[in-house]
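Residues take their numbers from the sequence shown, with the count starting at 1.
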Amino acid sequence: MSKGQDLPLGYIYFIGKIVMNEEIKRENKKEVAVRFENIGKTFFGTVIANKGVSFELYKGEVLALLGENGSGKTTLMNMLSGIYYPDEGQIYVNGNPVSINSPKDAHNLHIGMVHQHFKLVDIFTALQNVMLGLDKNKKFNEKKVRDDVQAICSRYGFEIDLNKKIYDMSVSEKQTLEIVKVLYRGADILILDEPTAVLTPQETDRLFDVIRNMRADGKSIIIITHKLAEVLEISDRVAILRKGEYVGTIETKDADQNVLTEMMVGKKVELKIDRPKTEVKQPLLEIRNLGVKSDDGTLAIKDVSFYIRSGEILGVAGITGCGQKELCEAIAGLRPVVDGVITHKGENIIGLPPKTIIEKGISMSFIPEDRLGMGLCPSFSITDNMMLKTYDKGKFSLKQHEIKDKDGKAVVFFKKIANGAANVINKIPSPFVDRKDARKRSVELIKRLKIVTPSSETPVRRLSGGNVQKVLVGREIESSPNVIVTAYPVRGLDVNSAYAIYDILNEQKVKGTGVLFVGEDLDVMLALCDKIMVLCHGKNMGIVHANKVTKEQLGLMMTGSLDLTEVNKNKNYGIAKDSNLTEDEWENAEKAAKEAKEKGND
C-alpha cells in the first residue's frame, strides 16, 4: 500500500474494534483490595475451619460472604482483622503480601471490623469512644477529633450526637458509632458482621444508604449475613463458603435466593415457611398487666397483657433491649414480677421456682448475647448438656428375677423378696445418671439439625456460634412442652438450619403447643407467626394479625411512631374473650399477687 493511500474500511473497523476492546478491558479491570490465596486454618489439630480458600475483594465494592454455620466465614474474617493467624496460605492487601498478627496490624493496613456485639464503653460519650485506643504517644486535640468525625459523618450521611452517652443510645446509633470509629482510624476495607441483625426496616434502609455512599467513595466492604434478601439488595458480588472451603463467587445481578442457598448447601432447598392452620382452643398462657424490672431497677416491662393459645405462634417484635429478655425470664420464673399475673391453664405461676414451671410444661429456650453463659455449660459435652434438665430423674433399674417351675420353695421365697426389694429401690431417685439415653438423644439431635461437631462428646465451647444455638434450641424442643418461650432461636443460623428450626416450631404448633417467638427478622415473623405483639421501651404497642400487617407498619410500631393501643382505645389488646378465668377471678388473682409481694417485702 503506497504512502497516502486510504486504508480499507474493513481494516479500519478491525483495528478500531481491537482498540475499543482493550479500552473496555482496562475500564473493567478492577483494582484488588484484598486477595486470599489458599488460606487454611485448623483448630485443636483436627477441626478444619478453612481449607484452600482463595478469592478477591475489589476496591469500591460490597462483597457478601455467605455460608452455613461452621463454614468458616467468621474465622476467615478474624484472620483478616488480626484476631487469628492463618496456618496456610497468604493474604495480599493492595497487591502486597502481608502478615497480620494483631488487630493493630490490621489497623495499620487500613482494615477495620465492626463486630455484631459492640465494643463500646457505656459511661463514655460517642466522641470519647472514638478517641479510645488512639496512639497515646501522639498528641491529639479534642476539637480537631470532633471536627474530623463530623466531617466523616457529613461525607457518608451518618447521623450521630457526639455528646451522647452510650447507655442512652439506640442499637442503630451504637452501630453507627462503631462504623465511624473504624473510618476515623483510616479504614478503607471494612468488615461488617451481621450489621442488620437488630435493626428496624427503616434503620436498615439508612444503613444501606451509608454503605452505598462508602462504596461510591472507593471503600471495600465485606458483609457477613444470613439475610438473603438484604444480600441481593446491597451487595455487588457474593462469595460462598461450604464446610470451610471456597465454593465460588457470583455476581449479585445473576443470583436469587434459591441459587445462593443451593451454592451454600450443595443441593436444592425449598425456601418456604408454612403457617399451618390449627384448631382454635382456649389460651394456655395468659398474662395481665405485667410489670418487670431490668437489672438496673428500671421498669423493662410496663403493664403488658397478652395470651398464647394452643396451636398458635405469637411473635414478639421490638428493637433489642425493649424488654424481650425480661419478659422471657419472668415467664420462666427466672426474674421476679413487680405487677400483674401470669397464669398457665388458669393457674397462677408467679413465684413458682423454674423447676416447677418446667414440670407444668412450660419450656424456655432463650438465646442471649452470651450464648454459653445461660442455658449451656461450655465445658460440658453435647451429651452432658442434654442431661441438664433430666439428670435428677434417674432411677435405679434393678432387674426382676424370673421364677421358674423347677425352682425350690427356698429359691422362690428369696426371689420374691429380691423382686419386692427391687420394686421399692427402683422408685428411689438414683445418684447415678443414664448417659446412654442422653447420648442416644444427642446423636439424634445432631443428625436432625445437622450440627457440625466431631462427636456428641465434644465440649460445646468448641462449636461455632450457630451450632451452639442448635444444641440449645434442640434440647428445649426435645422435652415436648405445651408452651415454648423462644427468643432469637435462629440468631446466627444459616438459611438451611433456620428453616429446619421453623419446621420444628410448626410441628410443635400442629401438636397443640403454644409458642412465644421473640424474633428479629420481620419477614420471617410475618410468614411464620399467627399474631405479632410489638414492644417499644417495654410497652405493648398493639397485637396484630401477621397476614393483615406490613413490615413498614411493624417498623413504625417498634420505634414508637405508631401506637395501636392509643389509636384504638376501645380495643382490649391482649385480653382473651374466652379466658380461663372470669374477671372476678382475675381481680382476686391480682389482689393475691400484690398481697404476696407486700408480704415478701416485709
J.: Measuring only between side-chain heavy atoms, which start at C-beta, is Asn163 closer than 4.5 Å to Arg146?
T.: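 Yes, their side chains come closer than 4.5 Å.
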J.: If the threshold is 4.0 Å, N to carboxylate O, is there a salt bridge linking Glu286 and Lys577?
T.: no
J.: Determine, for Lys73 against Glu68, whether the closest basic-nitrogen to carboxylate-oxygen distance falls under 4.0 angstrom.
T.: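 Not counted as a salt bridge, because no side-chain N and carboxylate O are separated by less than 4.0 Å.
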J.: So for atom NZ, which belongs to Lys571, do other residues, nucleotides or ligands contribute more than 12 heavy atoms lying within a distance under 6.0 Å?
T.: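 Not more than 12 within 6.0 Å, no.
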J.: So, Thr559 side chain and Gly555 main chain: donor-acceptor pair closer than 3.5 Å or not?
T.: yes
J.: Looking at every heavy atom in both Pro489 and Val518, which two are closest together, and how far apart are they?
T.: CD-O, 3.8 Å
J.: Kindly compute the distance separating NZ (Lys272) from CG (Asp274), expressed to the nearest 0.5 Å.
T.: 5.5 Å
J.: So Ile222 and Leu80, side chain to side chain contact (heavy atoms under 4.5 Å, CB included) or not? Walk me through it.
T.: CA-CA 11 Å; Ile222 297 177; Leu80 181 60; 4.2 Å; yes
J.: Would a 4.5 Å heavy-atom cut-off, applied to side chains only, mark Ile179 and Met214 as touching?
T.: yes
J.: Quick one: closest heavy-atom pair of Pro276 and Asn506, and the distance?
T.: CD-OD1, 3.3 Å
J.: Would you call Arg309 and Asp578 a side-chain contact if the rule is heavy atoms closer than 4.5 Å?
T.: yes
J.: Check for a donor-acceptor pair, side chain of Arg185 on one end and backbone N or O of Val130 on the other, with a separation under 3.5 Å.
T.: yes
J.: From the options Lys30, Arg215, Arg212, Arg237, select the one residue that forms a salt bridge (Lys or Arg N to Asp or Glu O under 4.0 Å) with Glu61.
T.: Arg237
J.: Counting N and O atoms only, with roles assigned by atom type, does the side chain of Ser71 sit under 3.5 Å from a partner on the main chain of Arg242, one being a donor and the other an acceptor?
T.: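 No; judged by distance alone, with no hydrogens or angles, the pair does not exist.
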J.: Between Tyr184 and Ala187 (side chain of the first, backbone of the second, donor and acceptor by atom type, cut-off under 3.5 Å), is there such a pair?
T.: no
J.: Thinking salt bridges, do Lys509 and Asp503 make one under a 4.0 Å N-O criterion?
T.: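 No, no charged N to carboxylate O under 4.0 Å.
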J.: Would you kindly say whether Glu230 and Thr196 are connected by a side-chain donor-acceptor distance under 3.5 Å?
T.: yes
J.: Do the side chain of Lys470 and the main chain of Lys450 share a donor and acceptor less than 3.5 angstrom apart?
T.: yes
J.: Could you tell me the separation between the CG atom of Asn289 and the CG atom of Asp339, rounded to the nearest 0.5 Å?
T.: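 Taking CG in Asn289 and CG in Asp339, the distance rounds to 8.5 Å.
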J.: Tell me the closest heavy-atom pair linking Asp168 and Glu173, and the distance in Å.
T.: O-OE1, 4.3 Å
J.: Just how far is it from atom OG of Ser294 to atom NZ of Lys325, taken to the nearest 0.5 Å?
T.: 9.0 Å
J.: Please walk me through it: do Tyr156 and Lys219 pass side chain to side chain contact (heavy atoms under 4.5 Å, CB included)?
T.: CA-CA 11 Å; Tyr156 298 113; Lys219 304 294 184 185; 3.2 Å; yes
J.: Contact between Val490 and His226 at the side-chain level, heavy atoms closer than 4.5 Å - yes or no?
T.: no
J.: Flag the pair Lys119 and Glu178 as a salt bridge only when some basic side-chain nitrogen lies within less than 4.0 angstrom of an acidic carboxylate oxygen.
T.: no
J.: Have Glu159 and Thr176 got a donor and an acceptor in their side chains that come within less than 3.5 Å?
T.: no
J.: So that I can tick it off, tell me whether Lys569 and Asp563 are bridged by a salt bridge, with the cut-off set at under 4.0 angstrom between side-chain N and carboxylate O.
T.: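 So Asp563 does not pair with Lys569 through a salt bridge.
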J.: In terms of heavy-atom contacts, does NZ of Lys165 have more than 12 from other residues, nucleotides or ligands at under 6.0 Å?
T.: yes
J.: Which pair of heavy atoms, one from Ile211 and one from Leu192, lies closest together, and at what distance?
T.: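 Looking at all heavy atoms of both residues, the shortest contact is CD1-CD1, 3.9 Å.
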J.: Answer yes when Lys511 and Glu507 have at least one side-chain N-carboxylate O distance shorter than 4.0 Å, and no when they do not.
T.: no
J.: Is the backbone of Ile575 close enough, under 3.5 Å, to the side chain of Asn572 for a donor and an acceptor to pair up by distance?
T.: no
J.: How many angstroms lie between OG in Ser235 and CG in Leu228, if you round to the nearest 0.5 Å?
T.: 10.0 Å
J.: Can you tell me which residue among Val62, Leu66, Leu232 is in a side-chain contact (heavy atoms from CB on, under 4.5 Å) with Val238?
T.: Leu66
J.: Are any of the side-chain nitrogens in Asp303 or Lys539 under 4.0 Å away from the carboxylate oxygens of its partner?
T.: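 No, this pair does not count.
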J.: Judged by atom type as modelled, is there a donor-acceptor pair below 3.5 Å linking the side chain of His344 to the main-chain atoms of Leu285?
T.: no
J.: How about Glu251: does its CD atom have over 12 heavy atoms from other parts shown lying under 6.0 Å from it?
T.: yes
J.: Do Tyr573 and Asn568 pair up side chain to side chain, a donor and an acceptor below 3.5 Å, judged on atom types alone?
T.: yes
J.: Would you say Gln282's side chain and Ser310's backbone share a donor-acceptor pair under 3.5 angstrom?
T.: no
J.: Checking Lys59 side chain against Ala33 main chain: does a donor-acceptor pair fall under 3.5 Å?
T.: no
J.: Is any side-chain heavy atom of Asn129 less than 4.5 Å from a side-chain heavy atom of Ile166?
T.: yes
J.: If you apply the rule side chain to side chain contact (heavy atoms under 4.5 Å, CB included), what do you find for Ile191 with Val114, and how did you get there?
T.: CA-CA 6 Å; Ile191 306 163; Val114 177; over 6 Å; no
J.: Would you check if Val304 and Met533 make a side-chain contact, meaning some heavy-atom pair closer than 4.5 Å?
T.: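 The answer is yes, as the side chains (C-beta and beyond) meet within the 4.5 Å cut-off.
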J.: Determine the minimum heavy-atom distance between Gln257 and Thr261, stating which atoms define it.
T.: O-OG1, 2.8 Å
J.: Measure across Met113 and Ser81 and return the closest heavy-atom pair with its distance rounded to 0.1 Å.
T.: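 Scanning both residues completely, I find the closest heavy atoms to be SD-OG, 3.6 Å.
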J.: Side chains of Leu556 and Gln202: does their closest heavy-atom pair fall under 4.5 Å?
T.: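 Leu556 reaches Gln202 side chain to side chain.
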J.: With rounding to the nearest 0.5 angstrom, report the OG to CH2 distance, Ser305 to Trp586.
T.: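 The CH2 atom of Trp586 is 8.5 Å from OG of Ser305, to the nearest 0.5 Å.
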J.: Is the backbone N or O of Thr550 less than 3.5 Å from a side-chain atom of Gln553, with the two atoms forming a donor-acceptor pair by type?
T.: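 Checked: pair present.
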J.: Before giving the answer on side chain to side chain contact (heavy atoms under 4.5 Å, CB included), spell out for Lys345 and Leu284 the whole-Å C-alpha distance, their side-chain angles and the decisive distance to 0.1 Å.
T.: CA-CA 5 Å; Lys345 295 183 177 179; Leu284 281 172; 3.6 Å; yes
J.: Let me confirm one number: the CD1-CD1 distance from Ile484 to Ile308, rounded to the nearest 0.5 Å.
T.: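 It comes to 10.5 Å.
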J.: Counting C-beta onward and ignoring hydrogens, is there a side-chain heavy-atom pair between Ile223 and Leu63 closer than 4.5 Å?
T.: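 Of all side-chain heavy-atom pairs linking Leu63 with Ile223, none is under 4.5 Å.
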